[in-house]
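These numbers come from a predicted model, not from an experiment. Every number for a ligand or one of its atoms is a count from 1 in the order of the listing.
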Amino acid sequence: MLNFEFHNPTRIVFGRDTIARLSSLVPAGSKVLLTYGGGSIFRNGVYAQVRKALTGFQVEEFGGIEPNPRFETLQKAVALVKEKKIDFLLAVGGGSVLDGTKYISAAACYQGADPWNILRTAGEGVDTALPIGAVLTLPATGSEANGSAVVSRNETTEKLHFWSALVYPRFSILDPAVTFSLDARQTGNGVVDTFIHTTEQYMTVHSDSAVQDRFAEGILSTLIEEGPKALSNPSDYPARANLMWAATQALMGAMGSGFPGDWAAHGIGHELTAFYGLDHGQTLAVIAPGIWRYQFERKKARLAQYGVRVWFLDGEDDWVAKQAISRTEAFFESMGVGTHLTAYGVDAEEAGDRIRKRFEERGAKQGEEGSLSPEDVEKIILSRA
Ligand code: NZQ
Ligand code: ZN
C-alpha cells in the first residue's frame, strides 16, 4: 500500500424525512441560491420540502441545469450569484446539479480571465469557492461527498473534469425516499456508475490492499443484490437506502486510498457523452468490459479475485476471469443498461476514429500507468460495436 492522506469533510445526514434538517444545516443569515435541474424536484415533492425547511432564509433560485451540465448554462448562474451577492449554494438534484453547483461555486470566485480554464487545468487556480450544501436525489456519482465535478461545453463538444478540496459539500442530505421517483433508466445508470467507480479502483495491478478490496467487493455484491429489487419495486426503501449509501461510499475517497486508480472507462466514456450524448452510466456499461477484455493479461488476477469473491465462481483463473466479465455484462443488461454501441445507435468505427483523434490532439493516454494509447482506445471502442 502506498502512503496516503484521507480527509473527507462532508457531513452526511442520511435517512427518511431528513430534508427538514436544512433549517439548521444552512448557516443562519445566509443568502442562498437554490440550484436544480429540469423539474423532477417539483414532481416528487422535494422542492416543497426544501422550501418549507428554508422558511425565513433569503433564497434565490436557478433551475434548468441539464444532465451533463453545460458551461453555457452555468455561466448564467455565476452572473446571478455575483448580482445577488449570494453566499451559500444549495444544490438539489442528481450528480449534474451537484457538479454544476461546484463549478458555480468555484467560478463565482475565480480571478482568471477565462473560467473554462478551471476545467482545462482540472482545477488549478481554484483558490476560493463559495460554500455548498446538497440534497441528493439520484445515487450514482458520489458527487455528494467528493471534490469532483464534470462540466460539458456545447461550443467545443468537450466534457471535462475538475477537482478541488474547496468544493466538497459542507453537508449532503441523503433521503432514500426521494429516489422512489427515479425511472428504470436512471436507476440502472446509477447502479452501473457506482459499480464502475468501484472497479476503476479495484481492477488495477495493486494486490496488497486487503481492506480496500473487501470494501470494494462488498459494494459490488450489494449492487448485484439490491439493484434488481429497486428496479422491480421502485419504492423498496431498504433497497434504495442500500444503493444510496453504496454510491456515496464508492467515490468518497476511502476505497481508493493507497494505490492509483484506472479511470480509463470514465476518460473514454466522457468522450462518448460529449460526441453522442449517451448517459454517463451507459458509456461505462459499454466501455469497461471492453477494457477488461483488451487488457486481460494485465487485469486477469484482479478479475479472477472478483469472480471468486463476488460471483462465487470456481476454476482456473483464466476461466473465472472471463466468466466474471460476461456475468458483469449480463448484470448491466438485466439492469436495463445496454453494453454495446448499437444499443445507442452509435457507429463504432466513427466513434473510435473521433475519440482516437481527440486523445492524439491532447496527447492523452488512458488507464493505470497510462497503459492505453489513443490507438488502443480506438480498438476498444471497435470491440464494443
Ligand atoms: O434534471 P431533473 O429534472 O432533476 O431530472 C434528472 C435528470 O433528468 C433526473 N432525476 C434526478 N433525480 C431524480 C430524477 N428523476 C426522478 N426522480 C428523482 N429523484 O435524472 C436525470 C439524470 O440526472 P443527472 O444528475 O444527470 O444524473 P447523475 O446523477 O447520473 O449525474 C451525471 C453527471 O455526473 C457526472 C457525469 O459525468 C454526469 O455529467 N459524474 C460526476 C462525478 C463526480 N462529481 O464525482 C463522477 C461520475 O463519474 C460522473 O462523471
Ligand atoms: Zn462515473
Under-2.8 Å protein N/O/S neighbours of the Zn ion (ligand 2), ordered by chain then residue number | D193 OD1, H197 NE2, H266 NE2, H280 NE2
Identify whether NZ of Lys or CZ of Arg in R16 sits under 6.0 Å from the centre of the six-membered ring of Y237 and within 45° of that ring's axis.
-> yes
Between T328 and Y306, a side-chain donor and acceptor under 3.5 Å | yes
Take atom CD of E72 as the centre, draw a 6.0 Å sphere, and report whether it contains more than 12 heavy atoms from other residues, nucleotides or ligands.
-> yes
State whether F88 and K31 meet the cation-pi test: NZ (Lys) or CZ (Arg) under 6.0 Å from the six-membered ring centroid, and within 45° of the perpendicular axis.
-> no
Determine whether the side chains of T273 and H280 contain a donor N or O and an acceptor N or O closer than 3.5 Å.
-> no
With a cut-off of 6.0 Å (strictly less than), are more than 12 heavy atoms of other residues, nucleotides or ligands near CZ of R120?
-> yes
If you group Ile, Leu, Val, Met, Phe, Trp and Tyr by side-chain heavy-atom gaps below 4.5 Å, do I291 and V346 land in one group?
-> yes
Do D213 and Y202 have a side chain donor and acceptor closer than 3.5 Å?
-> no
Is the charged tip of R384 near the ring of Y294: under 6.0 Å from the six-membered ring centre and within 45° of its axis?
-> no
Close-range residues for ligand 1, whose non-hydrogen atoms fall below the 4.0 Å threshold | G37, G38, G39, S40, N44, P67, N68, P69, G94, G95, S96, D99, T137, L138, A140, T141, S143, N146, S148, V150, K159, V178, S181, L182, Q186, D193, H197, L251, H266, H270, H280
